[in-house]
Each structure stands twice: as structure tokens, then as C-alpha cells.
**Student:** 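Please read through the structure below; I'll follow up with questions.
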Amino acid sequence: MPRYNPADIEPRWQAYWEENKTFATPENPGGKKRYVLDMFPYPSGDGLHVGHPEGYTATDIVSRFARMRGESVLHPMGFDAFGLPAEEHAIKTGEHPRIQTQRNIDNFTRQLKMLGFSYDWDRVLATTDEAYFRWTQWIFLVLFDTWFDAEQQVGRPIAELPIPDSVRAEGPRAVDAYVDSRRLAYQDDALVNWCPELGTVLANEEVVDGKSEVGGHPVKRIPLRQWMLRITDYAERLLEGLDDLEWPEGIKKLQSDWIGRSTGAEVDFFVGQEEQFETWKSARGESGFPQRPGGDALRVYTTRPDTLFGATYMVVSPEHPMLPQLTASDQADAVTAYCEKASFKSDRERTEGDREKTGVFTGSHAINPVNGKPIPIWVADYVLAGYGTGAIMAVPAHDERDFEFAVKYDLPVIAVVEPPADAENRAEILAGKACFAAVGNAINSGSLDGLDTAEVKTKITARLSGEGLGKQAVNYKLRDWLFSRQRFWGEPFPILHEVDQDGRETGRMRGVDPSELPVRLPELEDFKPHGRPEPPLAKAGEDWLYVTIDGQRYRRETNTMPQWAGSCWYYLRYIDPHNDARLVDPEKESAWMPVDLYVGGAEHAVLHLLYSRFWHKVLYDRGHVSTPEPFRRLVNQGMILGEVEFTAYFDPDDQPVSSQHVRKSPEGGRQSKDGRPVVAKPVAEDQVEKKGEGFVLKSDPSIRIDSRAHKMSKSRGNVVNPDVVVKEYGADALRLYEMFMGPLEATKPWSMAGVGGVRSFLDRVWRMIVDDQCDDLVLQPGLSDADGDEDQNRMLHATIKKVTEDTESMSFNTAIARMMEFTNFFTRCETRPVAAMKNFLILLSPYAPHLCEELWKILGQQGSIAHQPWPSWDEAALVQSSIEVPVQFNGKVKTKIHVSPDSKPDQMIEAALADDRVQEMLAGKNVVKKIAVPGRLVNLVVKP
RNA sequence: GCCGAAGUGGCGGAAUUGGCAGACGCGCUGGAUUCAAAAUCCAGUUCCCGCAAGGGAGUGAGGGUUCGAGUCCCUCCUUCGGUACCA
């Protein structure tokens, strides 16, 4: 009884592929090349969950399909292996994070191999490999050695940086400082998210609701000297580059919103004595708009320079450098107290609650440059230090935030844009009682009255520009990238800080010579952070920490790089993973780049993909890569949820509460309408029935039940482990099910019964070819060397066509459905042409490779089915002699007729009208209009 | 609040992009096989009325365009995901 036994078949073929290097990448891509890439995983201690193989199976099918169509394929896998969990484990246990990481990598590798993915395992890498992070450090040195030429919009070697004579005159120290301030990798005191609990600084994106993303610990903001990467210089290029990418529009929009380009104007407001305004103004007319505003002007950025006449006050951020100067002595206490409070506010406190705006008057005024009127300057934390100039002109009539603030502090509101005549609250807007944040014609704006917003913007900006009071400006929401972490388990920076004889840093630094790379991590006794915002690497021994070059002592940089660093460029290393002379061989690089298909989760939509694109552009500018963008096509696989669960709610008396009466409580839990807390309890499927829109308890149909699939999580206990699925159903069934669930991009719930369904399909495929009634391994007696009949040929060729087209378009679910139809059809046939079976196995092999290899061999074929050419279909075999088309009356199907597939519309109408059934139903009615769509239908418009 | 995606049988989902709604799978019902069960095979399965032939309704709700709408347009509702004062 040779039944389909994946537990036997699958490991055997996996071993075969490994031994025979079936999926080795061609040394030099010949013909069409295709680089198919998965977002590599972080090897967590939990192993793979079923979300991973979704994308991996999709790319595997694409890769196998492409190889069978004669393309050269690069399909690698690796591990994003630096990361907090391994370090936290090390802190707890004292075990070196490398050991734990390797254990996890081994487990991931086992699981990935178990699923039969056709990776070229000779190219596997981990970001923690010294041979790998040597080049991560090398790229950092490139960033350190590059400055951005804004004029040419290109990164250039630091040696080409023009040094202003004024700087040169101040001596070599000043030149060094100047150079350091222009590098793409630079140091800066930044307000950072210090998490005392984790003993580390977190990036903004690692802080969720004012708490650490990992562990949920409180986070405080403190200033610290940090490595920053000047990604903002590349904002324009990163934005423009999006146009040519085949990425989901949603992801492009997310990136472009994140970059957040806006255009407007910078405007200087005079902050000196009112009577000196005219003097200042005419001086500005002479000098023009200066690079820096100087001490007598407060510079703002606005996207609505057309509303300048409506600016009734100004606001500076609590961190604004001019604030002390602007603060009048009688307001000093209030301002200091306010700033103090703001600086101690965590992000959580800032965003929590209704976030009512707060602020304090500084006691000083600025002169509105368009009308010479003094307006008060306030300090408020709704203005962010890091955006624009850190100061705004407030136009409460036309900005919701300013309006809210103005109402609270009773500041004047002057409408300068006319709302439309039919605006509901027109009168209120004009009276300064409501806010109107749209465009329109100018009012209360002197000579500009009546012009529309666009014209006023242009005119005002031009006028200010001529007077040296303002200029057109562009701003980005994107901030420079905080690139250092106070952790052990990351790439050390290849940077040396000069120290003087007392061991103090002099402020000068140098990169480690590239020939000295990698800078390895030091050996430490333990991995505990010391709770100070100083990195664990500072605990390293003197021999690691200090270096002497040409008699000068240096201290190593002790920060480490963030996890993003390794994942920023791994796709390049796969191309030439063992090269120890270069990052990647330029010939190989230009042969394989760009990545043709990149598949991964949408959670990396912004950060990983933006950071990678940034690094890539720097490497491009510096001549190390040949393409301006790394990832040509991007596809996001959807999330896989747990099994659908039915949930009933019970009040404290254990009485069921209908789900329509259950609300979210303010504390985040759930409560009934009357405010009593309710608990959710799972209900078995057979206790539930459908009623109307939802489900109700069978025992009490007045009680509605929630029916929903939840995100898989350990706490909910609905995580599906691929090991278990493979053991029970086999890897081919798991692969097939993941693809059969629905479209790749969709979020969809897991169903173990569904896995059983595709497994029985695979059983049917097996029985279509193997006689399972016989004790020995014998082919189905129905298999025949004869040609198939017409119907069989049509089924075969239609299947080849559908599977080819659907695989090309990554519509895997419908391709599988078609192969199921094929199997259902042929298992009903007495005789089954072997040629058709062989073609079918080739079609199925990218999806269920182990089973197909086995059946291929059972059919007496040599070698791997993976090397077979993909079949093509014969259009002639698809043609039918007669097709059935519906006849509609007024768009409703009434009957069907048979016509030749190439019938012209006239012939179809004729055939329809000649049909007995049609005649019968047409009795006593008039045909007003006749429509026929060739090959589709006939529609008769009839009237009584 | 804003942005994005999506609402189709009991469930997951199809529908050649304006042309037969519900392919394929799960589940369910009946039958065959079996001492029995599993497995397998066959038939049926959107809902309502009807013994049936047949008839009617139907793609979140309402309106519109069209010979014809799941698909296009307008208004609204719901769910999921993302996001947070960027001047």
C-alpha cells in the first residue's frame, strides 16, 4: 500500500538537492537574470512562525518557475542576527549572545530546509559574522568619508570638500571641525530616548506611546552625544527615486509622507526696538537675506506666506536657542519653569490625554515684516524644535492649532483669506470666531486683497525676498538618523577618538584604516549595562579600548550600530558573499543588481526600506554600486491571523452579555453598556449559529457572539508552529496551503482544516499516478502512452495556460485551484496520458516540489524535475467547437444557447431569436434592442 | 482626527476588469463501499417560496450612469491596519 508519505519523501529530496547543489546560483548570469529576495528574518528563540513561510514560499515558487523558464536566478537567504533579545538573554544568563544567536540560526536553518526552499545555501550570511560586519563597518567609513554637495545633489569624497578661507585661517583644528561637521556620519548632542530600565537609548521608532517597544519600560528624554547619519541631505533624491519603482502605491505614499516635503518661505521677524524696525529693514534691503538670521531677528518657516497679514503672535519651541534672549525679566521665572516642565515630559505625557495646548508669554515682541506691527512672542511645546526653524508665525484664523491656542490665551484672530460665499460659518470666520484652514482670496492684506492664495504666496515671497526679509524654502519632516546604540550586541564603530595625556578626548577623531577591519567586539566578563547612558563596550579592557598610532593614543568609539545597519546592505553581499577583498565584485554587482523582486512584511515599509535606499544612494554616488535604487519591485505579504474564534462576553454575575452591548472601557478593557466590566470567553463552534448579520448563542439567540480571527500571539495561545504542521501534513501541504489561503497581499486567518484540504489534494495527485491499492509501488493501471482525447488535451493546455499566467502574476491561489480542477478531471478519466501527467507535475513542482520530484522519479524520469523546461500551451487545443452562451432579457439570464465560438454578433442574435425557448418567452413582447457580445452573451431588451 | 486597505454563501476565497455571481477548498447533507469506523468514491449545498417543474431575491446600506454593475460615479455605515500638533 504505497501511500503518499511526505515524512519519507521530503527529507530524501532535501538531501538530494543539497548533495547535488540543485539550486546553485550560476557563476555568471547568462540570458535573463532574476534576483529574488526575501526580507531576511531575525532569528528569534521561538523559531519560525507560519507568517515567515508565506513570503518565502511565494519567492520560492517565483524562483523555481523562473529557473524552469531558463532564467538565471539568485535566491539567497540569511539572518538579521544582531538584536536586543539575544543581548537581554546574555544579560540574564551571562551566556555570550553569539552562542544564543548561533543556536537560533541553526534552528531557523533547520526549519527553512525542512520546507524545501530552493535557496543557494552556499551564500547564507548573518549580520553578526565578522566577515560580514567588516563590510558594514567599511560602509560606515564611506559615510564618514562623504559630504553632500547640495548644488550637484550628490555625495562626494570628503577630500573634495571646499574649505572656506575664513575657516582655513583659523588653523588645522578649525578645518578638522569644519570637515567633521560636513560628513554624512557626524556626531551631535541629540535629545535621545533614554530608557533606564533597558539601560539604553532607543530610536524614536523603538518608542511606542512613550514606552520602549521592547518590554514596555518608561522612556526619558536626555541630551547625549550621538552618531547621526545625514539622511536628510538625501531627502530629495529619496523622494524622486520612488517614481520609478514598482512598489505598492500605498508604500510609496507612506515613504513620501515620511519624508514629508513641503514648500513655503522662511521669514525673519525683527525682534529689536520697534522704532529701529525701519532702519533694520532698510539694512536688510542692502545686505539681502542672510544665511543665519542674527540676534535681531526671529526666523520662521511657513507654508502659508500668503497669511502673513494674519500673523497675530509668534511661538518658539522650548528648546529654541534665542529663547533666553527673547525672555523678558518679568517673565523669566514663568518661561524657565515652563521649559523645565516641557523637557521632563516624556513622549507619553506629551501625547497623552486631550493634549490641550500650553504655553507662556516670553514678554517680548517681534515686528511683522509686512505691516510693521508688533506681535507677542510665546513659547509653547506644540512647536517642535526639530522642524523648520523651531519657531512659527501663528495665524489663528487659518490654522487649527494656532486657533486653539489663540482661543485659550485670548490672542487676536484676523481673517486674511476669504471663505467661500456659501461657507456655513462664513460670518464667524470673518469675525475671527472660527478657523478656516483652506485657500481662497486674500482680505485684510493691503494691496494683495482679492488675489487668490497661490498668487499671494508668490507675490509676498517675492517682495520679502527683494527686501532681504525672507526667501522661498523647502522643508522635510524627515530627520537625520540617530545611528548609535548603547548596547553590546551590535557592530562596533570603526572610529578612534584622539585622547590627550590625561586620557581626555580632544575632539579629534579618525576612521580605523580599512585594512584593520573588522573591529571585533571585545571579550567582556558580563553583558550588563551599568545604567548610565554609557555603552557596555566602555567596560572593555584597555587593550581593546586604547590604540596607539604613530605615537598618538586613541580611544575606541564605544557605541555600537543599530540593528538596521546590517540589514541596510545585505542584498549586496549575497551577490559575492565570500569576497574578502571587496564589499562586492563590481562585475557581479552590475550583473545581478537591482533586486527584481523583494518580498516582506509591510512593517518595514518606511524605515528599513528608506535606510537601505539611503545607503544605496551613497554607495552609488561613491561608485561602489551601479544602480541608483536597490529594489525594483516590492511586494508585501499580508499578515496571517490565528484561527477564527468565537467569543462571548459575561458580566460579573456570569450572565452572558450580547456583544452589541459591549464597549471598550477607558482602561482598555471591555465593559457593558452600564459600565460593568465583562470578561471574554471562547465559545465552541457548535454552540453558535448564524443569525442576521452576526452569530448568536444557540442556547440563547438574543446573545450575539464576536466572531473574529486575532493576530497570532504567545499570550493568546493561537500561534501555529510550522514544525507541527509539517509533521502532521508535510511541507508541501504547508507550502500549498499558505499560497491557497488567498491573495499574497491579503490579511487572512489560518485554518488547520484548510491544510487538511490541500493535503487531500496532494493525496489525490499521488493516487492519480500511483496505484495505492497494490502492495508494491506500481503505476496507476490507467496511465497510458497514448495521446489524450480532445477534452483531455483542452484540460491540459488550459491548465498550462492558467498556471503559467497566474504564477507570473503571483496569483498563486487561483493557479492552485486550477491544478485541483485538473486533478479532479483526470482522476475521473479511465485512461490518463503519461505525457499530460508529466506536464502537470512540472506545473505543480514549484508549489509542491518534494511530491513532484518523487512522482517524476516514479514515472521513470532521471534527474531533478527542477531542471525540466516549463511547458507551453497550444492555443489550438483550447478551441471548442461549440460554446454555451446565456440569452438575457433586460440583463437577466433567461436561457442558454449553443453557438460556434467565432460567431459574429448578428449570427448570435439570429441563433438566439431562432431558439424555441426564446420564441416561447418572447410571445406577446417587443424586442426593442438586441446586444450580442462575441463569445459572451446575447441580451435582448424587451418591452411588453 | 487624518491616511491606507477591505466589506461577496456557514467559513477561506473566485469572477477574463462593465458581460452567466459564488470557480477551487473547508464545512454540512444524502448515498456507495465496510461487520463497523477511518480513508475513498458519487451526488447535492447562496437565500426564500414550491413535492416538483419553476418563480423571486441577492455581492455592507442608499442613490446614480448603463441594454447590462460585485466591478464605474456620489453619499453613508462597519471592520482591520498605520499615524499623531511637521507650521
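Convention: sequence-line order gives letters A, B, ...; per-chain numbering from 1.
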**Student:** With a 3.5 Å cut-off and heavy atoms only, can you find an N or O donor on one side and an acceptor on the other between the side chain of Lys896(A) and the base of C20(B)?
**Tutor:**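 In this structure, the two groups form a donor-acceptor pair.
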**Student:** Check salt bridge (Lys or Arg N to Asp or Glu O under 4.0 Å) between Lys748(A) and all other residues, then give those that pass, not counting sequence neighbours.
**Tutor:**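 Partners of Lys748(A) under the salt bridge (Lys or Arg N to Asp or Glu O under 4.0 Å) test: Glu54(A).
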**Student:** Please name all residues satisfying side chain to side chain donor-acceptor pair (under 3.5 Å) with Glu808(A), sequence neighbours left out, ordered by chain then number.
**Tutor:**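 Partners of Glu808(A) by the side chain to side chain donor-acceptor pair (under 3.5 Å) criterion, ordered by chain and then number, come out as Arg69(A).
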**Student:** State whether the distance check finds a donor on one side and an acceptor on the other, under 3.5 Å, for side chain Lys357(A) versus base C85(B).
**Tutor:**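 Between C85(B) and Lys357(A), which were checked side chain against base, a qualifying N/O pair under 3.5 Å is present.
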**Student:** Which way is the base of U66(B) turned, syn or anti, if we draw the line at 90° from 0?
**Tutor:**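 Anti, since the glycosidic angle lies more than 90° from 0.
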**Student:** Going by the ring pair (Phe, Tyr, Trp, His ring centres under 6.0 Å) test, which pairs reach into residues 732-753 of chain A, not counting sequence neighbours?
**Tutor:**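 Checked against ring pair (Phe, Tyr, Trp, His ring centres under 6.0 Å) - neighbours excluded - the pairs reaching residues 732-753 of chain A are Tyr737(A)-Trp750(A).
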**Student:** With a cut-off of 3.5 Å and sequence neighbours excluded, list every side-chain donor-acceptor pair involving residues 391-398 of chain A.
**Tutor:**
unit_1	atom_1	unit_2	atom_2	d
His398(A)	ND1	Phe436(A)	O	2.7
His398(A)	NE2	Val416(A)	N	2.8
His398(A)	NE2	Val417(A)	N	3.1

**Student:** Can you name the residues that form a side chain to side chain donor-acceptor pair (under 3.5 Å) with Tyr4(A), not counting sequence neighbours?
**Tutor:**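 Once residues adjacent in sequence are excluded, Tyr4(A) has no partner under the side chain to side chain donor-acceptor pair (under 3.5 Å) criterion.
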**Student:** Under the salt bridge (Lys or Arg N to Asp or Glu O under 4.0 Å) rule, collect the residues that match up with Glu884(A), sequence neighbours excluded.
**Tutor:**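 Testing Glu884(A) for salt bridge (Lys or Arg N to Asp or Glu O under 4.0 Å), a comparison that skips the adjacent residues, returns none.
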**Student:** Can you tell me if Arg917(A) uses its side chain to pair, donor with acceptor, with the backbone of Thr895(A) under 3.5 Å?
**Tutor:**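 Answer holds: no.
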**Student:** Find every protein N or O atom lying less than 3.5 Å from an N or O atom of nucleotides 21-25 of chain B, and list the pairs.
**Tutor:**
unit_1	atom_1	unit_2	atom_2	d
A23(B)	O2'	Glu821(A)	OE2	3.3
G25(B)	OP1	Asn824(A)	ND2	3.0

**Student:** Which one, C20(B), C67(B), G10(B), comes nearest to the side chain of Phe695(A)?
**Tutor:**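 Nearest listed nucleotide: G10(B).
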**Student:** Out of U40(B), G82(B), C3(B), which nucleotide sits closest to the side chain of Lys253(A)?
**Tutor:**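 Nucleotide nearest to Lys253(A)'s side chain: C3(B).
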**Student:** Please name all residues satisfying side-chain contact (heavy atoms from CB on, under 4.5 Å) with Ser713(A), sequence neighbours left out, ordered by chain then number.
**Tutor:**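 Ser713(A) satisfies side-chain contact (heavy atoms from CB on, under 4.5 Å) with Ser715(A), Arg716(A), Asn718(A) only.
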**Student:** Describe the nucleic acid contact of Val933(A) in one word from base, sugar-phosphate, nothing, applying a heavy-atom distance below 4.0 Å.
**Tutor:**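 If one applies the 4.0 Å heavy-atom cut-off, Val933(A) turns out to touch a base.
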**Student:** When we call it a touch if two heavy atoms are under 4.0 Å apart, what does Lys748(A) touch: a base, just sugar-phosphate, or nothing?
**Tutor:**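 If one applies the 4.0 Å heavy-atom cut-off, Lys748(A) turns out to touch the sugar-phosphate alone, with no base involved.
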**Student:** Might you list the N or O atoms of the protein lying below 3.5 Å from N or O atoms in nucleotides 52-58 of chain B, with each pair's distance?
**Tutor:**
none

**Student:** Check every atom of C85(B), C11(B), G12(B) against the side chain of Tyr382(A) and return the nucleotide holding the closest atom.
**Tutor:**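 Shortest atom-to-atom distance from the side chain points to C85(B).
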**Student:** Looking only at atom P, what distance separates U34(B) and A23(B), rounded to whole Å?
**Tutor:**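 Looking at atom P only, U34(B) and A23(B) are 33 Å apart.
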**Student:** Both Met741(A) and Val885(A) contact RNA chain B. Taking the nearest nucleotide for each, which residue is further toward the 5' end?
**Tutor:**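 The answer here is Met741(A).
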**Student:** Can you name the salt bridge (Lys or Arg N to Asp or Glu O under 4.0 Å) partners of Arg936(A), sequence neighbours left out?
**Tutor:**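 For Arg936(A) there are no salt bridge (Lys or Arg N to Asp or Glu O under 4.0 Å) partners, ignoring immediate neighbours.
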**Student:** Any strand is fair game: report the nucleotide pairing with U40(B) by Watson-Crick or G-U wobble, both distances under 3.5 Å, or none.
**Tutor:**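 With both distances under 3.5 Å, U40(B) matches A32(B).
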**Student:** Scan Glu884(A) against the nucleic acid and name what it touches under 4.0 Å (heavy atoms): base, sugar-phosphate only, or nothing.
**Tutor:**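 Base: the residue Glu884(A), judged by heavy atoms under 4.0 Å, touches a nucleobase.
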**Student:** For nucleotides 44-49 of chain B, give me one character per nucleotide, 5' to 3': B if any protein heavy atom sits under 4.0 Å from the base, S if the only such contacts are to the sugar-phosphate, - if neither.
**Tutor:** ------
**Student:** Ser262(A) near the nucleic acid: base, sugar-phosphate alone, or nothing, with a heavy-atom cut-off under 4.0 Å?
**Tutor:**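 Result for Ser262(A) = sugar-phosphate.
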**Student:** Would G50(B) be called syn or anti here, given the cut-off of 90° from 0?
**Tutor:**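 For G50(B), whose glycosidic angle is more than 90° from 0, the conformation is anti.
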**Student:** Do Val879(A) and Asp902(A) come within less than 4.5 Å of each other through their side chains, counting heavy atoms only?
**Tutor:**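 Sidechains of Asp902(A) and Val879(A): no contact.
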**Student:** So does Lys929(A) get a side-chain nitrogen or oxygen closer than 4.0 Å to the phosphate oxygens (OP1/OP2) of C67(B)?
**Tutor:**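 Affirmative; the distance criterion is met.
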**Student:** Whether the side chain of Arg936(A) and the base of U16(B) hold a donor-acceptor pair under 3.5 Å is what I'd like checked.
**Tutor:**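 Such a pair is found, so the answer is yes.
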**Student:** Is a side-chain N or O of Asn926(A) found less than 3.5 angstrom from the main chain of Val928(A), in a donor-acceptor match?
**Tutor:**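 Absent.
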**Student:** Taking the side chain as every heavy atom from C-beta outward, state whether Lys801(A) and Glu875(A) have any atom pair closer than 4.5 Å.
**Tutor:**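 The answer is yes, as the side chains (C-beta and beyond) meet within the 4.5 Å cut-off.
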**Student:** With a non-hydrogen cut-off below 4.0 angstrom, is Thr303(A) in contact with a base, only sugar-phosphate, or nothing?
**Tutor:**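 Result for Thr303(A) = sugar-phosphate.
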**Student:** So Arg828(A), base contact, sugar-phosphate only, or nothing? Heavy-atom distance under 4.0 Å.
**Tutor:**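 The answer is sugar-phosphate, as Arg828(A) gets under 4.0 Å only of primed atoms, P, OP1 or OP2.
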**Student:** Now, which nucleotide makes the Watson-Crick or G-U wobble pair with U83(B), with each of the two distances under 3.5 Å?
**Tutor:**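 Answer to the pairing question: G1(B), which forms a Watson-Crick or G-U pair with U83(B).
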**Student:** Could you work out, with salt bridge (Lys or Arg N to Asp or Glu O under 4.0 Å) as the rule, every residue matching Lys253(A), not counting sequence neighbours?
**Tutor:**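 Listed in chain order: Asp257(A).
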**Student:** Which residue lies toward the 5' end of RNA chain B, Thr747(A) or Gly388(A), if each is placed at its nearest nucleotide?
**Tutor:**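 Here Thr747(A) is the residue nearer the 5' end.
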